[in-house]
Novice: 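Here's a structure for you.
Nothing here was measured: the structure is a model prediction, and the numbers come from that model. Both ligands and their constituent atoms are indexed starting at 1 by order of listing.
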Amino acid sequence: MKTKNNNYLNHSLILTLFLLLSSVKKSEQSKQIPALYVFGDSLVDSGNNHYLPGVDSAANFFPYGIDFGTPTGRYTNGKTVADFLAIYLGLPFSPAYLGLSKSKANRIVTTGINYASAGSGILPDTNNKTVVLDEQIRGFERTVKKILLKGLLSEDAVEKHVSESLFFVSSGVNDHFKRATFRGSRKFASYLIKEFKIRLLKLYSLGARKFLVNNVPPAGCFPSETLHSKPIGKCSEKINKGISFYNKKLPFLLHELQTQLPGFIFVHSDLNKSIMDIRENPNKYGIVEVSKPCCPRNVNGNDTACHPYADFCKNRDTYLFFDVHPTERANQIYAIKCFIDHSICTPRINIRHFFSTTSKYQALNQSYSVSVLNLGY
Ligand SMILES: *[C@@H]1O[C@H](CO)[C@@H](O)[C@H](O)[C@H]1NC(C)=O
Ligand SMILES: *[C@@H]1O[C@H](CO)[C@@H](O)[C@H](O)[C@H]1NC(C)=O
Ligand SMILES: *[C@@H]1O[C@H](CO)[C@@H](O)[C@H](O)[C@H]1NC(C)=O
Ligand SMILES: *[C@@H]1O[C@H](CO)[C@@H](O)[C@H](O)[C@H]1NC(C)=O
């Protein structure tokens, strides 16, 4: 009896200590970045489109999510770059905003929310069947007034929370295509940058200060393009060139905002470079297939869509693209390149300002259970 009680005591002591230690660890992390708010398109959508009526693209069916455990509305086989970012920050995955407001009314989340919607653009006219960026930002505005105030109790606490949180914005590729017609050009890039600036200023006016912004991926190299090129697999130079005008201007916009707005601080992430590097040096990453999608495994005619229960490749880690979107492996490579070896994210001083200096490579590496990435570490 006595021994049993002692054991019980020991166990509860250990448990208390453990809880204490883990809460210390948690508060250390939350001092860094308390929350991750995500905006943009299918690269980072974590399930919002699943809640939209009549949307023609959703990814809430098998084989999407096959390496996540279940389809979630993510446009890949597993985790998105936003998920890897959350792992890196020591935060839970940011849940889809529409899922919170529709099915779990009034749920209080103070570690970040995802507003991204596949197919959306910076411009409202790009695809109005999606949650366009303006509407995503309005969602955040409602979050500040309702969810955050409820969770953090005072306006001061909300303001502090928002200013310390990370705002990840990944948008712009869909704007380059309007009703399937490519419209990228030098002139369009100037217009799109101006419009993007208005949205970033709106987020700033709501209290956002720390920004992580992706440039636009090389859509000319997406399977939807390269499967029809001659020779097959060749990127459309016309599309990549049209996009590069925007990509060249984006870092200047971010620098300008950092100079003009007190407290504004950014990290620019070169998503284009990450994808081009995997395309050009696939062996370095254990990738074998850089043109064909994993799903569908066999493309019939021009239909490159990954349909429910479509046949898909077995070795997903050896593919750059799951459908027209990157595989989980490509997303993980992106995260490591940005946060660990800093080869696609700049300026370095801001990365250090955002993220603790302790190496979280372990966490990123371990979050991926299948095999070792050979990046030379
Ligand atoms: C959506 O876009 C279509 C095509 O550009 C347009 O005809 C329609 O009026 C728009 N709907 C809304 C609600 O803006
Ligand atoms: C992507 O990156 C490559 C190599 O870094 C560059 O030559 C190209 O212009 C970029 N393309 C776009 C669309 O930004
Ligand atoms: C398939 O796409 C190519 C290139 O976009 C186009 O030239 C061809 O007409 C398309 N074929 C069909 C059957 O739609
Ligand atoms: C990465 O993960 C693999 C498999 O989980 C492990 O064998 C390897 O040692 C890890 N590498 C580092 C640097 O943590």
Novice: Starting from atom 14 (O) of ligand 2, find the nearest protein heavy-atom neighbour and note its residue, name and distance.
Specialist: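 Nearest neighbour among protein heavy atoms for atom 14 (O) of ligand 2, to 0.1 Å: Asn247 ND2, 2.8 Å.
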
Novice: Test side chain to side chain donor-acceptor pair (under 3.5 Å) on Asn114 and Ser94; report intermediate values, then the result.
Specialist: CA-CA 5 Å; Asn114 185 317; Ser94 307; 5.9 Å; no

Novice: Working note: Arg183 + Thr126, criterion side chain to side chain donor-acceptor pair (under 3.5 Å); need CA distance, chi angles, decisive distance, verdict.
Specialist: CA-CA 11 Å; Arg183 56 171 165 173; Thr126 289; 3.1 Å; yes

Novice: Are any of the side-chain nitrogens in Glu256 or Lys197 under 4.0 Å away from the carboxylate oxygens of its partner?
Specialist: yes

Novice: I'd like the name of whichever of Asn272, Asn240, Ile275, Asp277 reaches closest to atom 6 (C) of ligand 2 through any heavy atom.
Specialist: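 Comparing heavy atoms across Asn272, Asn240, Ile275, Asp277, the nearest one to atom 6 (C) of ligand 2 lies in Asn272.
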
Novice: With a cut-off of 4.0 Å, which atoms of ligand 2 are near a heavy atom of Ile243?
Specialist: 13 (C)

Novice: Would a 4.0 Å cut-off, counted as strictly less than, catch a protein heavy atom around atom 1 (C) of ligand 2?
Specialist: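 Under the 4.0 Å cut-off, atom 1 (C) of ligand 2 does have protein heavy-atom neighbours.
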
Novice: Check whether any N or O atom of Lys273, backbone or side chain, sits under 3.5 Å from an N or O atom of ligand 2, and answer yes or no.
Specialist: no

Novice: Considering only non-hydrogen protein atoms, determine which one is nearest to atom 9 (O) of ligand 2 and report residue, atom name and distance to 0.1 Å.
Specialist: Ser244 CB, 4.0 Å

Novice: Looking at every heavy atom in both Glu225 and Ala219, which two are closest together, and how far apart are they?
Specialist: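 Glu225 and Ala219 have their closest heavy atoms at CG-O, 3.4 Å.
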
Novice: Which part of Pro218 is near ligand 2, with near meaning a heavy atom under 4.0 Å away: side chain, backbone, both or neither?
Specialist: neither

Novice: So that I can confirm a possible disulfide, could you see if the SG-SG distance for Cys294 and Cys313 falls below 2.5 Å?
Specialist: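 Their SG atoms fall under 2.5 Å; a disulfide, then.
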
Novice: To the closest 0.5 Å, what do you measure between CG (Asp41) and CG (Asn174)?
Specialist: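 The CG atom of Asp41 sits 5.0 Å away from the CG atom of Asn174.
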
